[in-house]
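Report on the structure given below.
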Amino acid sequence: MEVEPNVKILTSTNYRDRLIESRQDPIEAAAYLEVTLERDLEDPIPELLRSVLTNMVAAKERVDELSTTTKDLHSSLDRVLAESKGVEIYGLIDLLHGLGFRLAVVPKDE
């Protein structure tokens with residue numbers, strides 16, 4: 001593969017840092033999670049939801065905006081998702097679709 005002389009290629013560390021940094025924006029983070037949930041219905045990737053939530057938690061931790069309770073909730077949910085592969089969450093989303101609704105993820109008013 002030939003690369004233009006002035007084009008920088010991101011390393012995986014830089015990519016992850018930039019990804020987490022971009023998730024500090026509540027609107028972008030909400031869209032990231034919402035798209036993941038919708039995309040997974042069509043072509044489920046069991047680890048994707050866990051990864052997305054972990055990135056969102058990491059973003060909040062970087063700016064010290066994460067309570068101990070939220071960290072504990074994430075750890076608990078991560079264990080459940082590791083075991084169940086998100087069957088319950090995707091089942092809820094499928095049910096909502098069947099009823100003519102969709103799940104929306106939006107920033108919470110503080």
Side-chain angles (χ1 to χ4, degrees):
M1 177 173 107
E2 211 171 293
V3 178
E4 294 292 322
N6 293 328
V7 174
K8 293 183 181 180
I9 297 176
L10 296 176
T11 64
S12 60
T13 303
N14 287 341
Y15 171 77
R16 181 157 166 46
D17 287 345
R18 289 184 61 162
L19 177 70
I20 290 171
E21 184 178 303
S22 70
R23 299 311 170 242
Q24 291 172 358
D25 175 347
I27 293 171
E28 192 166 329
Y32 176 55
L33 179 56
E34 189 170 2
V35 166
T36 299
L37 290 169
E38 290 295 322
R39 182 205 176 279
D40 263 10
L41 288 175
E42 298 164 12
D43 184 19
I45 301 172
E47 295 301 313
L48 186 58
L49 180 57
R50 288 181 67 207
S51 177
V52 166
L53 291 171
T54 297
N55 288 339
M56 293 174 73
V57 166
K60 287 290 190 178
E61 284 179 322
R62 279 202 183 170
V63 292
D64 201 30
E65 291 182 2
L66 199 63
S67 70
T68 302
T69 301
T70 302
K71 288 178 189 178
D72 292 344
L73 287 169
H74 173 252
S75 293
S76 177
L77 180 59
D78 190 60
R79 282 190 300 276
V80 169
L81 290 173
E83 292 175 15
S84 74
K85 307 295 185 210
V87 170
E88 300 87 350
I89 292 171
Y90 297 118
L92 171 63
I93 294 169
D94 282 337
L95 175 61
L96 290 173
H97 282 198
L99 294 170
F101 299 99
R102 74 176 185 86
L103 188 64
V105 180
V106 295
K108 177 177 99 169
D109 291 335
E110 307 255 356

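Inter-residue side-chain proximity for Glu61 and Met56 is flagged as unmet; no heavy-atom pair is nearer than 4.5 Å.
Leu66 forms part of a hydrophobic cluster together with Val57, judged by ILVMFWY side-chain heavy-atom separations under 4.5 Å.
Scored by the side chain to side chain contact (heavy atoms under 4.5 Å, CB included) test, Leu73 finds Thr69 as partners (sequence neighbours excluded). For Arg79, the salt bridge (Lys or Arg N to Asp or Glu O under 4.0 Å) test picks out no residue, with sequence neighbours left out. Residues that satisfy the side chain to side chain contact (heavy atoms under 4.5 Å, CB included) test with Leu95, not counting sequence neighbours, are Leu99. By the side-chain hydrogen bond (donor to acceptor under 3.5 Å, both in side chains) test, Ser51 is found to be paired with no residue, residues two or more places apart in sequence or in another chain being considered. Listed by chain and number, the residues in a salt bridge (Lys or Arg N to Asp or Glu O under 4.0 Å) with Glu47 are Arg50, Lys85 (sequence neighbours excluded). In this structure Val105 satisfies the side chain to side chain contact (heavy atoms under 4.5 Å, CB included) test together with Ala30, Leu33, Glu34, Leu37, sequence neighbours excluded. Considering only residues two or more places apart in sequence or on other chains, Val63 meets the side chain to side chain contact (heavy atoms under 4.5 Å, CB included) condition with Gln24, Glu65. Applying the side-chain hydrogen bond (donor to acceptor under 3.5 Å, both in side chains) criterion to Thr68, with sequence neighbours excluded, gives no partner residue. Shown here are the side-chain hydrogen bond (donor to acceptor under 3.5 Å, both in side chains) partners of Ser84, two or more places apart in sequence or in another chain: Glu88.
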(request) Decide yes or no on side chain to side chain contact (heavy atoms under 4.5 Å, CB included) for Ile93 and Arg102, but give the supporting numbers first. (result) CA-CA 7 Å; Ile93 294 169; Arg102 74 176 185 86; over 6 Å; no

Worked verdict on Leu77 versus Leu53 for side chain to side chain contact (heavy atoms under 4.5 Å, CB included) | CA-CA 10 Å; Leu77 180 59; Leu53 291 171; 3.9 Å; yes

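Expressed to the nearest 0.5 Å, how far CD1 of Ile89 lies from CG of Asp94 amounts to 12.0 Å. Considering CG of Leu92 and CG of Leu103, their distance stands at 6.5 Å, rounded to 0.5 Å. We find the OG1-NZ distance between Thr70 and Lys60 to be 9.5 Å, quoted to the nearest 0.5 Å.
Under the 3.5 Å distance criterion, the side-chain polar atoms of Thr36 are matched with a main-chain donor or acceptor of Tyr32.
Transitive grouping of hydrophobic side chains (ILVMFWY, heavy atoms separated by less than 4.5 Å) brings Leu81 and Val52 into a common cluster.
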